[in-house]
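First up is the structure itself, then whatever we jot down about it.
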Number of protein chains: 2
Amino acid sequence: MTQASGGGRDAESVSKFVESFAAQLVEAGMQRMAARVFAALLASDKGVLTSAELGEQLRISPAAVSGAVRYLAQTHMVSREREPGSRRERYRVHGDQWYEALTNREAVLKRWEAALREGVDSLGPDTPAGRRLAETLAFFEFMEGEVAAMMERWRVHREKTFGM
Amino acid sequence: MTQASGGGRDAESVSKFVESFAAQLVEAGMQRMAARVFAALLASDKGVLTSAELGEQLRISPAAVSGAVRYLAQTHMVSREREPGSRRERYRVHGDQWYEALTNREAVLKRWEAALREGVDSLGPDTPAGRRLAETLAFFEFMEGEVAAMMERWRVHREKTFGM
DNA sequence: CGCTGTCTTCAGAAATTTGTGAAGTTAAGG
DNA sequence: CCTTAACTTCACAAATTTCTGAAGACAGCG
């Protein structure tokens with residue numbers, strides 16, 4: 001049997017969750033196919049699916065899977081594994097790694113900071129606009145440190161709550 | 001004179017910063033016009049511009065300004081002010097309010113949490129996938145508290161650094 | 001060495017998003 | 001009230017993005 005009672009793991013329940021969570025991700029700016037693939041992985045039993053499984057479950061072409069997976073791997077939301085002795089590839093969501101990646105807007109922050117620094121510079125640090133930019137810059141610099149500390153606290157909290 | 005020496009506030013310096021900062025915002029998912037309008041406000045002397053000024057500086061139609069400003073106001077990145085005794089409207093970036101808004105993904109977080117909760121429920125809390133979703137949910141709940149505390153620390157830090 | 005399963009790349013069709021001009025709405029000023 | 005400045009809404013053209021089928025590349029296997 002695929003599934004029996006109550007809180008079911010039947011195809012429809014899974015699909016319902018996948019689509020609704022993906023919709024949230026899309027709204028937050030993620031590409032649609034990437035979001036759907038990611039949600040499908042999250043909802044899978046092992047946290048691992050092959051390209052074919054993804055394609056079948058989501059009803060999308062191999063090309064779409066390929067594109068989505070490339071994006072997800074680049075942003076470290078999933079990792080790819082070569083199933084040894086086969087040309088199949090498997091994609092895995094690492095459970096605790098992906099939201100760290102989510103927080104890893106670090107690269108993004110760095111670029112924002114660079115743009116702001118240039119702005120302070122070119123508008124002049126003593127102009128009102130320059131001061132405004134400088135304060136914004138300070139905020140991002142502050143954030144960067146805080147986020148790191150926060151993730152550390154999360155790890156501790158996680159151990160306590162979910163055991164290791 | 002509009003500007004004299006060195007770190008110039010000439011139209012070109014401003015425009016260069018505006019476009020480059022806007023580009024970063026776009027890359028992070030913001031609509032292009034909204035990003036440009038916002039950057040222009042950030043780089044303005046008073047942090048306030050009228051619709052006409054925005055349109056002229058960015059070379060965009062009133063319709064585009066209107067759309068951008070609506071988005072920015074909805075997300076609390078800027079506030080609108082009726083200039084009293086005139087039909088002009090002015091848009092202001094609040095210097096210290098907008099990045100609080102940036103952090104106010106709270107509404108977003110809430111919706112993610114809702115979707116995850118539904119997922120845990122429908123996949124079953126004792127399935128591997130259910131447990132994975134539950135942990136993710138816990139992460140977001142943890143985040144929500146942390147972000148609030150972090151912003152409080154920023155306010156303190158800000159006072160110290162920039163005076164009150 | 002050639003066959004075959006699997007992923008990737010590519011060109012183009014389809015859908016979506018974006019920005020504009022023009023018409024519509026609102027309210028200040030005479 | 002009527003006029004008119006200022007913002008908003010709307011329909012559409014243009015640009016961009018998205019997804020697919022088909023061809024290509026790569027690597028196991030016989």
Side-chain angles (χ1 to χ4, degrees), chain A residues 15 18-19 21-41 44 48-75 77-93, chain B residues 15 18-19 22-41 44 46 48-75 77-93:
Chain A
S15 173
V18 166
E19 295 307 328
F21 192 63
Q24 299 303 323
L25 294 172
V26 167
E27 194 154 340
M30 194 184 293
Q31 305 166 0
R32 177 186 333 223
M33 285 297 124
R36 299 216 298 150
V37 165
F38 183 72
L41 280 169
S44 72
V48 178
L49 292 172
T50 66
S51 183
E53 288 166 332
L54 285 166
E56 190 195 358
Q57 188 182 327
L58 301 173
R59 303 309 212 85
I60 59 181
S61 71
V65 174
S66 175
V69 152
R70 175 175 26 176
Y71 172 82
L72 291 170
Q74 271 173 359
T75 57
M77 305 273 290
V78 312
S79 57
R80 356 173 45 136
E81 319 180 333
R82 261 267 159 52
E83 190 170 313
S86 161
R87 44 220 118 148
R88 282 264 189 77
E89 212 154 11
R90 311 195 311 173
Y91 308 110
R92 153 166 284 141
V93 55
Chain B
S15 173
V18 166
E19 295 307 328
Q24 299 304 323
L25 294 173
V26 168
E27 195 153 340
M30 195 184 293
Q31 304 166 2
R32 179 189 330 227
M33 287 296 125
R36 299 215 297 149
V37 165
F38 183 72
L41 279 169
S44 71
K46 298 268 177 203
V48 178
L49 292 173
T50 67
S51 182
E53 289 167 332
L54 285 166
E56 190 195 359
Q57 189 183 326
L58 300 172
R59 303 311 211 86
I60 59 180
S61 71
V65 175
S66 174
V69 153
R70 175 174 27 171
Y71 173 83
L72 291 170
Q74 270 174 0
T75 57
M77 305 273 290
V78 311
S79 56
R80 356 173 47 136
E81 320 179 334
R82 262 269 159 52
E83 190 170 315
S86 162
R87 44 219 118 150
R88 282 264 188 77
E89 212 155 12
R90 311 195 310 173
Y91 308 108
R92 151 166 285 140
V93 56

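Chain A is the first sequence line, chain B the second, and so forth, proteins listed ahead of strands; every chain is numbered from 1.
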Could you state the atom-to-atom distance from [atom1] of [X] to [atom2] of [N] in whole Å?
X       : N      : atom1 : atom2 : result
A:Glu56 : C:dT6  : CD    : P     : 13 Å
A:Leu49 : C:dT6  : CG    : C1'   : 16 Å
B:Glu89 : C:dA27 : CD    : P     : 11 Å
B:Arg90 : D:dC7  : CZ    : P     : 12 Å
A:Arg36 : D:dC19 : CZ    : P     : 8 Å
A:Tyr71 : D:dT18 : OH    : C1'   : 15 Å
A:Gln31 : C:dT16 : CD    : C1'   : 14 Å
B:Arg88 : C:dG29 : CZ    : P     : 12 Å

Check: Base, sugar-phosphate alone, or nothing: which one does B:Gly67 contact when heavy atoms must sit under 4.0 Å apart?
Finding: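 Contact class for B:Gly67: none.
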Could you please name the option among [options] that lies closest to any side-chain atom of [X]?
X       : options               : result
B:Arg80 : D:dC7, C:dG19, C:dT6  : D:dC7
A:Ser66 : C:dT9, C:dG19, D:dT9  : C:dT9
B:Tyr91 : D:dT8, D:dT20, C:dG19 : D:dT8
A:Arg87 : D:dG21, C:dT6, D:dT18 : C:dT6
A:Ser61 : D:dG21, C:dT8, D:dC7  : D:dG21
B:Ala63 : D:dA5, D:dC19, D:dC10 : D:dC10

Original post:
Taking for each residue the nucleotide of DNA chain C with the nearest heavy atom, is it A:Thr50 or B:Arg59 whose nucleotide lies nearer the 5' end?
Top reply: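 Nearest nucleotide further toward 5': that of A:Thr50.
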task: Report yes if at least one side-chain N or O of A:Arg70 is closer than 4.0 Å to OP1 or OP2 of C:dT9; otherwise report no.
output: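 Answer is yes, contact under 4.0 Å.
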Within less than 4.0 Å of OP1 or OP2 of D:dT17, is there a side-chain N or O belonging to A:Arg32?
->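 So the side-chain polar atoms of A:Arg32 never come under 4.0 Å of the phosphate oxygens OP1 or OP2 of D:dT17.
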Under a 4.5 Å cut-off applied to non-hydrogen side-chain atoms, are [X] and [Y] in contact?
X       : Y       : value
B:Met33 : B:Tyr71 : no
A:Tyr91 : A:Leu54 : yes
B:Gln57 : B:Leu49 : yes

Practice prompt. Look at atom CZ of A:Arg32 and say whether more than 12 heavy atoms of other residues, nucleotides or ligands are closer to it than 6.0 Å.
Written response: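 Counting neighbours around CZ of A:Arg32, 12 or fewer heavy atoms of other residues, nucleotides or ligands fall under 6.0 Å, so no.
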Hey, which of these two, A:Pro62 or B:Ser86, hits DNA chain D nearer its 5' end, going by closest nucleotide?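 Closest to the 5' end, via its nearest nucleotide, is B:Ser86.
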Taking A:Leu58's backbone N and O only, do any of them form a donor-acceptor pair with A:Arg36's side chain (distance below 3.5 Å, no angle check)?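 Judged by distance alone, yes, a pair lies under 3.5 Å.
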